[in-house]
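Worksheet: one structure, shown below.
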Protein chains: 2
Amino acid sequence: MIEPDGHFCSDCAVRATAVCSSLDRAELKEFERLGRRVSFAAGETVFSEEDITTSFYNLLEGVMRLYKLLPDGRRQIVDFALPGDFLGMNIAGRHNFSADAIGAVTVCQFAKTAFGRFVEDRPHLLRQINELAIRELSQARDHLVLLGRRSAEEKVATFLLNWRARLVSLRGSSDTVPLPMNRQDIADYLGLTIETVSRTFTRLERLGVIEIIQGGISLLDPARAKALAAA
Amino acid sequence: MIEPDGHFCSDCAVRATAVCSSLDRAELKEFERLGRRVSFAAGETVFSEEDITTSFYNLLEGVMRLYKLLPDGRRQIVDFALPGDFLGMNIAGRHNFSADAIGAVTVCQFAKTAFGRFVEDRPHLLRQINELAIRELSQARDHLVLLGRRSAEEKVATFLLNWRARLVSLRGSSDTVPLPMNRQDIADYLGLTIETVSRTFTRLERLGVIEIIQGGISLLDPARAKALAAA
DNA sequence: CCGCCGAATTGATCTGTATCAACTGCCTTT
DNA sequence: AAAGGCAGTTGATACAGATCAATTCGGCGG
């Protein structure tokens with residue numbers, strides 16, 4: 001964990017998309033003093049499930065895996081976080097999932113109490129955080145359907161399409177889809193084993209739907225992928 | 001769908017637990033005019049996934065199933081709703097799941113716009129709704145772990161314990177656990193088939209953990225159930 | 001009280017995915 | 001360039017849970 005130099009919210013990479021997007025110039029000035037940039041190396045844990053929440057985080061750069069562990073070590077990844085995502089909202093004062101850096105990561109960290117005080121008398125910010133929570137809830141429900149009712153092939157196809165959609169809305173369109181997470185991460189996100197994910201990837205490649213490339217895939221036939229993803 | 005007579009919030013059954021619990025006497029008076037009681041018969045659909053959201057609902061009496069359907073008819077129940085639960089929060093103006101009455105149900109229905117206006121200048125209510133969303137999000141994540149990483153036996157045991165816990169916090173402790181939903185509902189909640197649920201129930205009964213009774217189960221050995229539910 | 005009907009249970013078999021085990025290929029280290 | 005190691009792939013086999021098929025149970029109408 002490294003703490004880089006000071007910064008300015010006004011030229012932050014996620015200024016337009018993150019929670020802070022609803023703040024006006026004056027508020028931003030004040031807000032600036034609440035957060036500090038912190039970097040994590042690949043594989044480092046930013047916070048753990050059992051930890052008492054003392055900070056919120058705005059992901060600025062990199063990708064994170066958010067997950068829960070069972071006592072015997074089985075892992076379920078509940079989400080991948082991308083730049084602009086806000087982490088740490090919780091009940092009962094404890095994080096209810098863990099968060100690791102996948103590759104190098106930079107976050108904007110806020111002390112919980114100071115952040116809470118700042119939100120206190122800014123209902124528009126609260127409203128935005130609420131919308132965020134509801135959006136995540138909706139995503140989580142889609143994920144429930146995926147885990148509970150879809151086959152391995154549907155799971156993988158859906159994952160690739162959704163992941164691509166997120167990257168597109170972040171970086172713009174492209175048919176090559178980088179996959180910074182490894183096969184085990186994908187398996188733990190989809191409720192599968194690493195072998196099944198691998199086999200499904202090769203099957204999709206043989207069908208001409210994707211091409212497996214270094215650090216990701218190339219989506220050769222999006223329409224076909226959509227057909228495999230739906231029912 | 002039947003619309004019963006007028007009512008008073010002050011003697012509402014869910015007054016203490018529902019969203020309206022954060023309202024003071026004066027606010028409640030005003031709030032009263034926003035909601036109207038509506039009843040649904042067993043099996044009726046209160047709202048559907050694709051519907052444009054025009055109302056929010058406070059469940060007053062009965063149990064509901066909240067679910068999503070795949071195009072080919074596969075169903076995933078994302079939650080069961082109990083009295084005091086608030087339904088309808090969404091993004092993009094559309095419900096993102098459907099809601100059926102299991103047995104007879106009474107809800108307190110609010111027009112979305114009027115409710116929105118009421119919340120507008122009452123940050124404490126917004127804060128409560130936010131907390132609600134975050135609590136649901138946390139629950140949804142637990143459900144993800146259940147669906148993605150647990151065996152049939154663990155799923156069923158966990159479901160019974162969680163369902164009992166919800167009923168306990170609503171009606172007080174008891175070792176007989178009513179199950180108003182049918183086996184298909186349980187199966188669709190747990191990502192299993194009806195046969196697997198049934199077999200798992202009988203296995204748990206043979207193990208002396210539960211007894212299957214009319215309309216529910218009796219939890220004979222809670223400690224053993226907890227052991228089966230964990231890993 | 002009888003017969004009907006949907007829900008639940010039980011049984012037999014099948015299959016998708018897990019598990020166990022090797023192998024491959026790529027990056028890293030020296 | 002060789003060696004080591006980890007991520008990913010591929011193969012063989014096992015098995016949990018799905019599917020297909022009766023059968024039983026319990027509530028309800030006549």
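Residue numbers begin at 1 in each chain, while the letters A, B, ... track the order of the sequences. Scope of the values below: all heavy atoms of this structure, side chains included, with no hydrogens, waters or symmetry mates.
For the pair B:Arg199 and C:dT9, the criterion of a side-chain N or O lying under 4.0 Å from OP1 or OP2 is not met. Proximity of A:Gln184 to the phosphate of D:dG8: no side-chain N or O atom is located under 4.0 Å from OP1 or OP2. Taking 4.0 angstrom as the limit, B:Thr202 places a side-chain polar atom (N or O) nearer than this to OP1 or OP2 of C:dT10. Taking 4.0 angstrom as the limit, B:Gln214 places none of its side-chain polar atoms (N or O) nearer than this to OP1 or OP2 of D:dC25. For D:dA18, the OP1/OP2 oxygens have a side-chain nitrogen or oxygen of B:Thr196 closer than 4.0 Å.
Listed for the A:Arg15 side chain is a donor-acceptor partner under 3.5 Å among the backbone atoms of A:Cys20. Remark: the backbone N or O of B:Leu87 is not paired with any side-chain donor or acceptor of B:Asp85 at under 3.5 angstrom.
Look at CG on A:Leu190: it is 10 Å from P on C:dA18, rounded to the nearest Å. Atom P of nucleotide C:dA18 and atom CZ of A:Arg183 are separated by 16 Å, given to the nearest angstrom. Atom P of nucleotide D:dT19 and atom CD1 of B:Ile194 are separated by 12 Å, given to the nearest angstrom. Per the geometry, CG belonging to A:Leu179 stands 14 Å off C1' belonging to D:dA7, to the nearest Å. As a whole-Å value, the separation of B:Ile213 CD1 from D:dC25 P is 18 Å. Put simply, CD1 on B:Ile186 is 12 Å from C1' on C:dA7, counting in whole angstrom units. C:dG16 atom P lies 16 Å from atom CZ of A:Arg149, rounded to whole Å. B:Arg74 places its CZ atom 13 Å from the P atom of D:dA18, with the value rounded to the nearest Å.
Expressed to the nearest 0.5 Å, how far OH of B:Tyr189 lies from NE2 of B:His143 amounts to 4.5 Å. Going from atom CD of A:Glu211 over to atom CG of A:Asp221 covers 13.0 Å, rounded to the nearest 0.5 Å.
Contact record, A:Glu154 with A:Arg149: OE1-O, 4.3 Å, taken as the closest heavy-atom pair.
Between A:Arg65 and the choices A:Asp79, A:Asp188, A:Asp100, the salt bridge (charged side-chain N to carboxylate O under 4.0 Å, His left out) rule is met once, by A:Asp100.
At the heavy-atom level, A:Gly191 lies under 4.0 Å from the strands shown only through sugar-phosphate atoms.
In the set C:dT9, D:dA18, C:dT17, C:dT17 carries the atom at the smallest distance from any side-chain atom of A:Ser151. Side-chain proximity of A:Thr193 to C:dT9, C:dA18, D:dG17: nearest is C:dA18. When each of D:dG8, C:dG11, C:dT17 is scored by its nearest atom to the side-chain atoms of B:Glu195, the top-ranked nucleotide is C:dG11.
Sequence order on DNA chain C of the closest nucleotides to A:Leu192 and B:Ser198 puts B:Ser198 first from the 5' end.
Taking the six-membered ring where tryptophan is involved, the planes of A:Phe47 and A:Tyr57 are essentially parallel, since the angle between them stays under 30° and well short of 60°.
Side-chain contact check for A:Thr176 and A:Ser218: no donor-acceptor pair (N or O, by modelled atom type) lies under 3.5 Å.
Five base pairs at each end of the helix from C:dC1-D:dG30 to C:dT30-D:dA1 define two local axes, and these are offset by 40° (rounded to 10°).
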